[in-house]
Amino acid sequence: MNTAVAHDSPSAVARATLYVVATPIGNLADFTLRARGILQSVDTVAAEDTRVTRRLLEHYGIRARLISLHEHNEQRAADEVLQLLAGGAAVALVSDAGTPGIADPGARLAARAHAAGYTVCPVPGASAAIAAVSASGFLSPHFLFYGFLPARAAARREALAALATLPYTLVFYEAPHRVAACVDDLIAALGEARRVLIARELTKLFEQTHRCTLAQAAAWLAADKHREKGEFVLVVQGAPLDASATADVDKTLNALLAQLPLKQAVALAVEITGGNRNALYERALALKKR
Ligand code: SAM
């Protein structure tokens, strides 16, 4: 469905529209004017934890009708939101902090609202992942947002093994009690030389952004017990593209691209080099543009 959005006022809301609204991840000054206006104006706010959202809204004198939508009731709560939308209501979705749908509930509701033909309007603001990547200084133009790794060690190692050769910056969320173990697993899967940005307590009083190698990260965390407290994003440099291997891959891809359409050339290059399909596709595209 095409979206007609009112841009004239920060608080103007359209009827029968679901607003996906970002809230601060710590610093309340990151609560945008538009987000506050929308939350003030909608008929209902679906919140991950109504107590958390009520506190935030009360701080700004915003009165809103709140309903609960969390991981364990999302389908049932989505039924209710769809009924409200069917009656022409404007509804906002918020999570406890940051952007809904990003390692937070919201995707199911958004999917159902789309499927039912309603407008789903993002109201952007803070997200820990984007904040951390923006400060990471890694040069790769691509990043892969992974979110939380599995809690169980075996599943976690398996997940990391699948990421080890990707030439993309990797972004993980991690709980404080697992952050040291996570760094150990990253070292085991990716090697100790990769660089990492530890983004801790972003936008809060004890914010730290520390960039070092994975080996140094383990030592940095161990050096001060306070460093294993709070909320963390780990941004890890992608797999290095070995220069001589890159030259070989380019040679193979160039030869194949001269004879074949892109897709077939990439498929053959995967067979010949054993390389990662996505990485070879990206490289083939770049070579073709040249
Ligand atoms: N939807 C949120 C967002 O857009 O960032 C993320 C919600 S997820 C349930 C919570 C995780 O995000 C935390 O465990 C932590 O990994 C990360 N996170 C949230 N706030 C953070 C902050 N202020 N500093 C660092 N990481 C944070």
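Indexing begins at 1, ligand by ligand and atom by atom, following the structure's order. Bear in mind that the values here come from a model prediction, so they are computed numbers and not experimental data.
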*Would you mind checking which non-hydrogen protein atom is closest to atom 18 (N) of ligand 1, with the distance to 0.1 Å?*
A128 CB, 3.5 Å

*Report, in ascending order of atom number, the atoms of ligand 1 lying under 4.0 Å from any heavy atom of G98.*
3 (C), 4 (O)

*Return a yes/no value for P100: is any of its N or O atoms, backbone included, closer than 3.5 angstrom to an N or O of ligand 1?*
no

_Counting only heavy atoms, tell me which of A97, S127, P105, G230 gets closest to atom 2 (C) of ligand 1._
A97

_Can you tell me which portion of D104 lies within the under-4.0 Å heavy-atom range of ligand 1? Options are side chain, backbone, both, or neither._
side chain

*May I ask whether T203 has any heavy atom positioned less than 4.0 angstrom from an atom of ligand 1?*
no

*asked:* Considering F145, F206, F148 one by one, which has a heavy atom nearer to atom 14 (O) of ligand 1 than any of the others?
replied: F148

*asked:* Any nitrogen or oxygen of A103, side chain or backbone, less than 3.5 Å from one on ligand 1?
replied: no

*Is there a nitrogen or oxygen of Y173 sitting under 3.5 Å from a nitrogen or oxygen of ligand 1?*
yes

*asked:* Please check whether R200 reaches ligand 1 - meaning an N/O of the residue sits under 3.5 Å from an N/O of the ligand, judged on distance alone.
replied: no

*Heavy-atom count around E192 CD within 6.0 Å, excluding the residue itself: above 12?*
no

*asked:* Quick check on contacts: which atoms of ligand 1 are under 4.0 angstrom from a heavy atom of A199?
replied: 25 (C)

*Evaluate side chain to side chain contact (heavy atoms under 4.5 Å, CB included) for L190 paired with L170, printing each intermediate quantity in order.*
CA-CA 11 Å; L190 315 179; L170 303 171; 4.3 Å; yes

*Yes or no on side-chain hydrogen bond (donor to acceptor under 3.5 Å, both in side chains) for Q208 and R200, after CA distance, side-chain angles and deciding distance?*
CA-CA 5 Å; Q208 284 181 307; R200 175 174 171 260; 2.8 Å; yes

*Any atoms of ligand 1 less than 4.0 Å from a non-hydrogen atom of I102? List them with their elements.*
1 (N), 2 (C), 4 (O), 6 (C), 7 (C)

*For the pair D43 and R65, find out whether any cationic side-chain nitrogen is under 4.0 Å from an anionic carboxylate oxygen.*
no

_Whether Q264 side chain and P261 backbone form a donor-acceptor pair below 3.5 Å_ = no

*State whether the number of non-hydrogen atoms from other residues, nucleotides or ligands found under 6.0 Å of F206 atom CZ is greater than 12.*
no

*With a cut-off of 4.0 Å, which atoms of ligand 1 are near a heavy atom of E174?*
16 (O)

*Check each atom of ligand 1 against the heavy atoms of K204 and keep those under 4.0 Å away; list them by number with element.*
23 (N)

*S95, any N or O under 3.5 Å of ligand 1 N or O*: no

